[in-house]
Amino acid sequence: MSKNIILASSALLIAGIFFVLNDAIINYLSSINIQFYHFIFYGSPSYLTVPAFLFFKGDLKKHIVSSNYYVVIFRSITFAPMPFITFISLKHISLPEFTTLNMAAPLIAAVFAYIFLKEKLNKFIYFSLAIGFTGVLLVVQPGFENFNIYFLVTLLGVVLITSTTTIVNKFNNVTTAIGFFIYGGLTVHIISFILFFYDPLKINLEIFVFISLASILINLAIFLSTFAFKEAQKYYASIFCLVYLQIVWSSIVGFYFFNEFLNSYALFWGIFNCIKWLCLNSWTIKAS
């Protein structure tokens with residue numbers, strides 16, 4: 001089992017870097033009024049390349065066959081609002097704030113793991129959940145000057161994306177990792193193509209390159225994270241801690257490219273949670 005955890009952790013670590021780089025590009029695109037459906041329409045080749053390649057290879061049927069189509073379609077619908085949430089949130093809050101708010105994911109993942117996956121949570125995890133919740137409150141700071149309603153929109157996105165990874169973990173045998181990837185993007189691409197038809201937009205080569213790069217990064221990140229949570233099995237809550245490393249990448253990118261940074265309270269709790277959950281992940285691998 002330790003081999004599975006190491007493999008899943010490595011995939012999630014790389015996915016985290018790709019997620020942050022994608023978010024950085026979206027941060028720029030949202031500032032010039034590119035909508036999420038423009039982004040997905042022009043970036044669709046990076047998604048469609050996968051089923052097209054499998055089709056010509058003769059392996060597509062193997063990956064799109066599922067023992068439970070309700071699960072994969074429900075997950076696809078659950079994921080559909082995510083691009084909209086990401087674009088609208090990054091238009092109104094900074095990249096480091098957005099990433100740090102997404103660090104509520106391990107907290108939600110642990111709750112979902114206990115309720116839906118029947119994972120046992122030890123005293124350390126319960127203590128970490130309490131500290132993690134306090135950290136999220138310090139980032140959101142409700143009632144204070146820095147509070148922004150889009151903080152709550154971002155947290156809604158965290159609940160949705162964590163739900164999709166929980167589904168992958170619980171129903172890991174209904175289709176392949178590639179199958180989850182293909183079905184996962186189906187609904188949002190259909191919606192985006194329809195919206196683009198009613199609100200088309202011509203873009204220049206520079207914007208097209210940015211969109212294409214971000215699309216490649218986000219699709220790789222989604223596939224790697226799907227693979228990670230499919231492999232993690234009963235250690236879903238433990239490996240989720242690695243998403244905290246995104247705070248490091250996001251703070252670096254946000255500072256150097258957008259002159260954005262976290263306030264002292266948010267930064268402290270972000271780093272604290274990162275170290276705390278990394279220790280939990282190391283302990284889990286050693287214990288397995």
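Listed by first then second residue, pairs satisfying salt bridge (charged side-chain N to carboxylate O under 4.0 Å, His left out) with a partner in residues 56-68 read Lys57-Asp59, not counting sequence neighbours. Here side-chain hydrogen bond (donor to acceptor under 3.5 Å, both in side chains) pairs that include residues 173-189, with residues two or more places apart or in two chains, are His63-Thr176, Ser76-Thr187.
Of all heavy-atom pairs between Ile218 and Ser215, the closest is CG2-O, 3.2 Å. Closest approach of Val188 to Gly185, counting heavy atoms only: CG1-O, 3.4 Å. Closest approach of Ile211 and Phe39 over heavy atoms only: CG2-O, 3.3 Å. In terms of heavy-atom proximity, Ala11 sits nearest to Ala228 at CB-CB, 4.1 Å. Of all non-hydrogen atoms in Asn172 and Asn169, the two that sit nearest each other are ND2-O, 2.9 Å.
Here the side chains of Phe36 and Ser192 are in contact, with some heavy-atom distance below 4.5 Å. With contacts defined as side-chain heavy-atom distances shorter than 4.5 Å, the pair Val168/Thr164 does not qualify. Using a 4.5 Å cut-off on side-chain heavy atoms (C-beta onward), Leu195 and Asp199 make no contact. Under the 4.5 Å side-chain criterion, counting only non-hydrogen atoms from C-beta, Ile222 is in contact with Phe79. For the pair Tyr28/Ile207, a side-chain contact is recorded, criterion being any heavy-atom separation below 4.5 Å from C-beta on. Side-chain atoms of Leu155 and Phe151, non-hydrogen and from C-beta on, never get closer than 4.5 Å to each other.
The OG atom of Ser225 lies 10.5 Å from the CG atom of Leu220; values are rounded to the nearest 0.5 Å. With values rounded to the nearest 0.5 angstrom, Ser30 atom OG is found 8.5 Å from Ile32 atom CD1. Note that the CG atom of Leu160 and the OG1 atom of Thr165 stand 11.0 Å from one another [nearest 0.5 Å]. Rounding to the nearest 0.5 Å places CZ of Phe227 at 10.5 Å from CD1 of Ile14. One finds the CG atom of Asp23 at 8.0 Å from the CZ atom of Phe19 (value rounded to the nearest 0.5 Å). Here the straight-line distance linking atom CG of Asn68 with atom CD1 of Ile167 works out to 10.5 Å at 0.5 Å rounding.
Using modelled atom types, one finds no donor on one side chain facing an acceptor on the other under 3.5 Å when comparing Lys91 with Asn27.
Remark: Phe87 CZ is packed, more than 12 non-hydrogen atoms of other residues, nucleotides or ligands lying under 6.0 Å away. The neighbour count for Tyr69 OH, taken as heavy atoms of other residues, nucleotides or ligands under 6.0 Å away, is above 12.
Partners of Phe18 under the ring pair (Phe, Tyr, Trp, His ring centres under 6.0 Å) rule, at least two apart in sequence or in another chain, do not exist in this structure. Applying the ring pair (Phe, Tyr, Trp, His ring centres under 6.0 Å) test to Phe116 and every residue at least two apart in sequence or in another chain returns Phe112. Considering only residues two or more places apart in sequence or on other chains, Tyr37 meets the ring pair (Phe, Tyr, Trp, His ring centres under 6.0 Å) condition with none of them. Remark: Phe41 engages Phe193, Phe196 in a ring pair (Phe, Tyr, Trp, His ring centres under 6.0 Å) (not counting sequence neighbours).
Exactly one residue among Thr78, Ile85, Ile77 makes a side chain to side chain contact (heavy atoms under 4.5 Å, CB included) with Pro81. That residue is Ile85.
Hydrophobic clustering, with ILVMFWY side chains joined whenever heavy atoms are under 4.5 angstrom apart, keeps Ile182 apart from Tyr70.
Without hydrogens or angle criteria, Arg75 side chain to Phe180 main chain gives a donor-acceptor distance under 3.5 Å. No donor-acceptor pair closer than 3.5 Å links the side chain of Asn219 to the backbone N or O of Ile216. A donor-acceptor pair under 3.5 Å links the side-chain atoms of Ser66 to the main chain of Val174, judged by distance alone.
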> side-chain hydrogen bond (donor to acceptor under 3.5 Å, both in side chains) between Ser89 and Thr154: does it pass, once the steps are laid out?
Replying inline: CA-CA 6 Å; Ser89 295; Thr154 302; 3.1 Å; yes

